[in-house]
Amino acid sequence: MSSLAFVNSLSSGQLVSSGSKGSHPASVTQRRAPSPIVCQAGQQSPQDGSRIKKAILSSAIAAALAFSPAIVGVDQMQAQAIRNTVNGGSTFQSSSGRVNKDAESLLRWGLPVQEKNIREIQANLEEITYDIRAFKWNAIENDVKKTIKVLDKKSDDILKAVAEGKRESGSEVLASVRGRMDELKVLVAAKSSDEVISLQRDILREVGRLEQMMIEKFPYEIPEEYKDLPKLLGRAVVEMNFKKVDGGKFDIEGELFKTAKMTMVVDGYNAPISAGNFVDLVKRGFYNKLEITRSDGFVVQTGDPAGDVDGFIDPKTEKIRKIPLEIFARGDKTPTYGITLEDDGRATANTVLPFTSYGTMAMAREEFSADSGSSQFFWFLFEPDLTPAGRNLLDGRYSVFGYVVEGGFFLRDLKQGDVIVDAKVVAGLENFDGPKDVVEYKGAELERG
């Protein structure tokens, strides 16, 4: 199964919106106000060869391998992971200090699913990721055996959790998972690492499909005060293509690419307004031909239109459309709006969508105004040595609304001035609740030529 098929089934740091209108170059702010978090490009050496190699391996292999569970390890830790997912989210740090950096895994744990058996299956399979890195074949065999045991004993319970109209399809997926587990058992016995990684990835994507089928309807009410804003009541897949401003090529560890393409999953379950706003702008063609306005090894940022404005001007109001800060804390039933978790007295709370994956997508905003997001957003270039588990300065302060699931390594060579050729929604438009017939935005094309 392709990754597109998978996504179809599915301290005082401030980062603020930037643009060409008077912002400090080391901050990310619409008004270009200096930020307490200042990360100069030279501090992270984004062009360092070893880091680029690590990023490519992380994107290419991790997409197939690194489906690390929220809390895994010994059996007690797995049980805690399952308990932690009951409210539709899971912590990303285990007691051993491991951080879940895989976007597809984070998206699975972010689904509002409470069926404990399917979560146990997911946790067991994702544990293989860690075990195979250390060639712990006995542990991997145990992971497989535990997964098969749950499938054999709890399949009926799992199917009961699938939405009634989807149970026939769910039964087929569950049968496929069970059959492929036998294949995985054989590959593990043969210690065939590459094939184990590939099959584990595919099985986990089927598990994600099954989890998606358990969601009958959008799980909560969005506050009435935001009724006029576009919303995404589920998930969508967006593709973006980029080109070099000077007509050159993207250099990824010596391999040259004329264009760059990234695929992103936008998550409306956990950020319906931020995701809906983004999908609406993609549908309008707002991001087409916009430039990258910041690239410093810390974030890659875009969404600042040409001219004197810092965001999207809604043609209905002729004013910049602002959206609220939107943070979904783990264990909550709905997102928190208009206030950071720190200001809400919950600075140490984990978020359902954390800044732990390379290419995490989040809304930029003005430094001292929570509800000032509009069109500018950034991809966070997560580095575990710079953002250790439990000490993340961005979680709870910025609205995360998605992750890059393919092509994330291109972020390493996206530079200021490079151009978004186009962006399009390739799946999930049925989950969009907003303007259906919109006039394509032509601002970037007209003003940039």
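Atoms considered below: every heavy atom in the structure, side chains included; atoms not considered: hydrogens, waters and symmetry mates.
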Before accepting this row, confirm whether a basic side-chain N of the pair [X]/[Y] lies closer than 4.0 Å to the acidic partner's carboxylate O.
{"X": "E211", "Y": "R108", "answer": "no"}
{"X": "R365", "Y": "D371", "answer": "no"}
{"X": "K319", "Y": "D314", "answer": "no"}

Verify whether the ring centers belonging to Y220 and F218 lie closer than 6.0 Å.
yes

Taking the six-membered ring for Trp, are Y287 and F278 ring centroids under 6.0 Å apart?
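Under 6.0 Å, so yes.
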
Any sub-3.5 Å donor-acceptor pair from [X]'s side-chain atoms to [Y]'s backbone N or O?
{"X": "S399", "Y": "L325", "answer": "no"}
{"X": "D332", "Y": "P335", "answer": "no"}
{"X": "E239", "Y": "V425", "answer": "no"}
{"X": "E115", "Y": "I118", "answer": "yes"}
{"X": "T356", "Y": "N100", "answer": "yes"}
{"X": "D395", "Y": "P354", "answer": "no"}
{"X": "T360", "Y": "S357", "answer": "yes"}

Hey, does [Y] have a side-chain heavy atom less than 4.5 Å from the side chain of [X]?
{"X": "M361", "Y": "M264", "value": "yes"}
{"X": "D202", "Y": "R180", "value": "yes"}
{"X": "T340", "Y": "I327", "value": "no"}
{"X": "V352", "Y": "Y269", "value": "no"}
{"X": "F242", "Y": "M262", "value": "yes"}
{"X": "D143", "Y": "E126", "value": "no"}
{"X": "F432", "Y": "P435", "value": "yes"}
{"X": "K415", "Y": "D413", "value": "yes"}

Using every non-hydrogen atom in the two residues, find where [X] and [Y] come nearest and quote the distance to one decimal.
{"X": "E206", "Y": "V173", "answer": "O-CG1, 3.5 Å"}
{"X": "D251", "Y": "G254", "answer": "OD1-N, 2.9 Å"}
{"X": "V207", "Y": "I121", "answer": "CG2-CG2, 4.1 Å"}
{"X": "F312", "Y": "S374", "answer": "N-OG, 3.0 Å"}
{"X": "G110", "Y": "R235", "answer": "C-NH2, 3.7 Å"}
{"X": "R284", "Y": "P315", "answer": "NH1-CG, 3.9 Å"}

Applying the salt bridge (charged side-chain N to carboxylate O under 4.0 Å, His left out) criterion to R321, which one of D280, D228, D310 satisfies it?
D280

Will you find, in the side chains of [X] and [Y], an N or O donor that is under 3.5 Å from an N or O acceptor?
{"X": "S274", "Y": "N277", "value": "no"}
{"X": "Q212", "Y": "R209", "value": "no"}
{"X": "T129", "Y": "Q200", "value": "yes"}

If you measure from [atom1] on [X] to [atom2] on [Y], what distance do you get to the nearest 0.5 Å?
{"X": "L199", "Y": "L125", "atom1": "CG", "atom2": "CG", "result": "9.5 Å"}
{"X": "T317", "Y": "K322", "atom1": "OG1", "atom2": "NZ", "result": "11.5 Å"}
{"X": "I323", "Y": "Y226", "atom1": "CD1", "atom2": "OH", "result": "10.5 Å"}
{"X": "I339", "Y": "E326", "atom1": "CD1", "atom2": "CD", "result": "15.0 Å"}
{"X": "S176", "Y": "I203", "atom1": "OG", "atom2": "CD1", "result": "8.0 Å"}
{"X": "L411", "Y": "S295", "atom1": "CG", "atom2": "OG", "result": "8.5 Å"}

Identify, with sequence neighbours excluded, every residue that meets salt bridge (charged side-chain N to carboxylate O under 4.0 Å, His left out) alongside K166.
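Salt bridge (charged side-chain N to carboxylate O under 4.0 Å, His left out) list for K166, sorted by chain: empty.
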
Partners meeting salt bridge (charged side-chain N to carboxylate O under 4.0 Å, His left out) with D344 (sequence neighbours left out):
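Salt bridge (charged side-chain N to carboxylate O under 4.0 Å, His left out) check on D344 returns R346.
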
Would Y337 and I273 satisfy side chain to side chain contact (heavy atoms under 4.5 Å, CB included), going step by step from the backbone distance to the final call?
CA-CA 10 Å; Y337 288 99; I273 295 175; 3.6 Å; yes

Please determine whether side chain to side chain contact (heavy atoms under 4.5 Å, CB included) holds for the pair V300 and F380, giving the CA-CA distance in whole Å, both sets of side-chain angles, and the decisive distance to 0.1 Å.
CA-CA 7 Å; V300 172; F380 181 54; over 6 Å; no

Applying the side chain to side chain contact (heavy atoms under 4.5 Å, CB included) test to [X], which of [options] qualifies?
{"X": "T351", "options": "T336, L341, V400, N270", "value": "L341"}
{"X": "I420", "options": "E291, M240, K289", "value": "M240"}
{"X": "V404", "options": "F410, Y358, W379, F409", "value": "W379"}

Do W109 and Q122 pass the side chain to side chain contact (heavy atoms under 4.5 Å, CB included) test, and can you show the C-alpha distance, the side-chain angles, and the key distance before you say yes or no?
CA-CA 9 Å; W109 288 113; Q122 180 186 334; 3.1 Å; yes

Any chance CD of E168 has more than 12 other-residue heavy atoms, nucleotides or ligands included, within less than 6.0 Å?
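Not buried by this count: 12 neighbours or fewer within 6.0 Å.
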
Among N288, T259, D422, side chain to side chain donor-acceptor pair (under 3.5 Å) partner for N241
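So the option named by the test is D422.
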
Residue of the set S198, S192, S193 for which side chain to side chain donor-acceptor pair (under 3.5 Å) holds with E195
S192

Stepwise side chain to side chain contact (heavy atoms under 4.5 Å, CB included) check, I158 with L210
CA-CA 9 Å; I158 292 171; L210 193 59; 3.9 Å; yes

